[in-house]
Amino acid sequence: MFSAQDSIGMAQALRLAEQGLYGTSPNPRVGCVLVRDGEVVGTGWHQRAGEPHAEVHALRAAGEAARGATAYVTLEPCSHHGRTPPCAESLIEARVARVVVAVQDPNPEVAGAGIARLRAAGIAVECGLMETEARELNIGFFARMTRGMPWLRNKIAMSLDGRTALGNGKSQWITGDAARQDVQHWRARSCAVLTGIGTVLADDARLNVRGIAHPMAMGSREGLRQPLRVVLDSRLRIPLEARVLYDGGDTLVYTALPDARKAALLQNLGATVAVVPDSKGQVDLPNVLRDLAQRGCNEVLVEAGSTLNGAWLRAGLVDELLLYLAPQLLGDMARGMAQLGELTSLEQRVGLKWQDVRQVGNDLRITARVKK
C-alpha cells in the first residue's frame, strides 16, 4: 500500500511535527512534507496555536510546485474554520494529487471530515502510515479528545530503594543536575504542571520552566511558553507569598472549601481559584482532570509527594510514570514514592509496562505506562 518514498516522506513529516513539541498546545503537533517527482518541494510544521498549520507552511514553501504533489501529513487535515482556515481546502486549492495521512484526527469537529472533503475533490487519500508514532507524538491530544481528560504523567525522583525524601522531609537533591535539567523539558512539553499544597508548603515549588536552551523550546516571537501551574489545596492554605503565584506563568488553585476572602486575595494576585469538592471534603481528582481538559490541557505533569502520588494511582488516573532513579539508598525510615495503603492480595497491585529506560547523568530515567 505504501512505498519506500512514502515512508521517507512521513518520517520527515514526523520529525518536523516534533519541532512543535513545546509550542502548539492546545493544538496537536503536526508536520507536513510535499513531494513532487521524487523531490521535496515544501515542508512545514505547526509552531504555535493561532498561527498557520503545517500544511499552510508547506504549501507556501512549495508555491506552484505543490500542484500534482503528494502531501505527507502526520494528522488528518482540518476541515473546519477555527482560528485559521481549513487546511483541507488549502490542499484542494493548491491542486495536490495525493495526500498520505498518518492518523485520523480524533477531534469530533474533524474526525474523518477532512479526508472526506479531500476525496470529494478528487484527491487520492491514504491513511495509517506510521500511525503509532503519530499518536505517541500527540498522546495528550488524543486523550483529551477521546475521553475528556488529559494524559496524566507522574514524575517522581527517588533512590534505588524507592524513597523520595528522608523521614524529616528533606529531599533536595536526590537526583543530579542532569536529571533535574531533563525534567525542565518534560515541563516545557506539558500544558500544566500540578502539585499538592504539601509540596508548596515544604519546598515553595515554582513549577515553571527555566534553564532550557533548546531552540525548539523557544517557540516564536512570543518566546518560551510557560505551562499552567496547578495546586491542589483542599483547605486553601496556600501562602500569599508562595513563589508558585509569582514566578512566571498562570496559576490555578483547586480547593474543596469555599473561602471567598482567601479566593479574592489569590485572584488579586492573578491566580484562578476553582472549587471542586468530593464527598469526603477533598479535591475531586477526576473532576480536576475534566476541568483541565475543558481548559485545553493535553498533557499534565504531576510533581508531588507520596500522599498525592498515591491518591492519583489509587484513583486509577495515572497514565504514565516518569521515574528518575538515583544510585543511592535512603533506608526504610525514608518516605516512599506513593502511599497506596495496605494491599492484601497481589491482584491489588499497580501493573506497569516498560516504555523506556536510559541513563541521564548519573541517574536512570524510567518511563512506564500504567496498565488499565
Side-chain angles (χ1 to χ4, degrees), residues 136 139 151-190 193-212 214 227 232 285 299-372:
E136 280 292 319
I139 196 163
W151 183 263
L152 192 70
R153 183 178 289 118
N154 199 164
K155 168 258 170 182
I156 303 174
M158 62 186 187
S159 62
L160 187 60
D161 52 350
R163 304 296 172 170
T164 59
L166 299 178
N168 60 14
K170 293 183 178 179
S171 62
Q172 297 180 348
W173 298 100
I174 291 176
T175 53
D177 291 341
R180 296 198 299 276
Q181 184 66 12
D182 190 64
V183 172
Q184 298 299 322
H185 291 272
W186 289 96
R187 287 184 178 183
R189 68 172 286 168
S190 301
V193 180
L194 182 151
T195 195
I197 184 60
T199 298
V200 172
L201 294 175
D203 299 336
D204 199 14
R206 287 180 283 177
L207 304 184
N208 59 358
V209 180
R210 50 194 183 271
I212 284 185
H214 198 298
L232 305 191
L285 299 183
E299 298 179 22
V300 174
L301 180 67
V302 174
E303 297 187 34
S306 61
T307 300
L308 187 53
N309 289 341
W312 285 114
L313 284 165
R314 290 195 308 273
L317 296 171
V318 177
D319 294 301
E320 187 172 78
L321 292 175
L322 183 65
L323 306 174
Y324 290 89
L325 197 62
Q328 54 191 261
L329 302 174
L330 297 183
D332 58 1
M333 298 302 291
R335 300 180 182 181
M337 61 178 283
Q339 294 181 15
L340 296 178
E342 182 182 4
L343 306 185
T344 57
S345 70
L346 288 177
E347 285 68 28
Q348 296 172 300
R349 61 192 167 186
V350 178
L352 303 175
K353 178 182 179 182
W354 302 124
Q355 289 292 115
D356 182 73
V357 180
R358 66 184 65 194
Q359 186 166 349
V360 180
N362 291 324
D363 305 310
L364 290 181
R365 189 187 75 197
I366 301 173
T367 308
R369 298 272 168 88
V370 177
K371 293 182 179 179
K372 300 291 185 177

Just verifying a value: how many Å separate Gln328 CD and Ile174 CD1, rounded to the nearest 0.5 Å? 6.0 Å

What pair of heavy atoms forms the shortest contact from Leu308 to Gly196, and how long is it? CD2-N, 3.5 Å

Which pair of non-hydrogen atoms, one from Ala338 and one from Leu313, has the smallest distance, and what is that distance? CB-CD1, 3.8 Å

Please report the C-alpha distance between Val370 and Trp312 in whole Å, then the side-chain angles of each, then the deciding distance to 0.1 Å, and finally whether the side chain to side chain contact (heavy atoms under 4.5 Å, CB included) criterion is met. CA-CA 11 Å; Val370 177; Trp312 285 114; over 6 Å; no

Taken to the nearest 0.5 Å, the spacing of Trp354 CH2 from Thr367 OG1 works out to 10.0 Å

Start with the C-alpha gap between Arg189 and Leu301, add the side-chain angles, then the distance that decides, and say whether side chain to side chain contact (heavy atoms under 4.5 Å, CB included) holds. CA-CA 9 Å; Arg189 68 172 286 168; Leu301 180 67; over 6 Å; no

So which atom in Leu323 and which in Met158 form the shortest heavy-atom distance, rounded to 0.1 Å? CD1-CE, 4.1 Å

Kindly compute the distance separating OH (Tyr324) from CG (Asp363), expressed to the nearest 0.5 Å. 9.5 Å

Short side-chain donor-acceptor distance under 3.5 Å, Gln339 and Thr307: yes

Test item: Leu152 and Glu320 side chains (from C-beta on) under 4.5 Å apart, heavy atoms: no

Begin with the C-alpha distance, continue with both residues' side-chain angles, and end with the deciding distance and a verdict on side chain to side chain contact (heavy atoms under 4.5 Å, CB included) for Leu207 and Val200. CA-CA 10 Å; Leu207 304 184; Val200 172; 5.8 Å; no

State which residue, out of Leu321, Asn309, Leu322, fulfils the side-chain contact (heavy atoms from CB on, under 4.5 Å) condition with Val302. Asn309

Would you find a donor on one side and an acceptor on the other, under 3.5 Å apart, between the side chain of Thr195 and the backbone of Glu303? yes

Indicate yes or no: at least one non-hydrogen side-chain atom of Leu329 is less than 4.5 angstrom from one of Arg163. no

Check whether any side-chain heavy atom of Lys155 lies under 4.5 Å from a side-chain heavy atom of Trp186, and answer yes or no. no

Is the closest side-chain heavy-atom distance between Arg314 and Leu340 below 4.5 Å? yes

Counting only heavy atoms not in Lys353 (residues, nucleotides, ligands), do more than 12 fall under 6.0 Å from its NZ? no

Side-chain heavy atoms of Val318 within contact of Val350, under 4.5 Å: no

Closest contact, heavy atoms only, Ser190 versus Pro227: O-CB, 3.5 Å

I need the minimum non-hydrogen distance between Ala334 and Ala165, along with the two atoms involved. CB-O, 3.1 Å

Contact between Asp177 and Gln181 at the side-chain level, heavy atoms closer than 4.5 Å - yes or no? no

Quick check: does any side chain N or O of Asn362 sit under 3.5 Å from a backbone N or O of Pro327, one acting as donor and the other as acceptor? no

Closest heavy-atom pair and its distance - Thr164, Met337: CG2-CA, 3.5 Å

Side chains of Arg210 and Arg187, heavy atoms from C-beta outward: is any pair under 4.5 Å? yes

Interatomic distance, Arg369 atom CZ to Leu352 atom CG [nearest 0.5 angstrom]: 12.0 Å

Is Arg365 close to Asp356 at the side-chain level, that is, under 4.5 Å between some pair of heavy atoms? yes

Is it the case that over 12 heavy atoms from other parts of the model lie below 6.0 angstrom from the CG atom of Asp161? yes

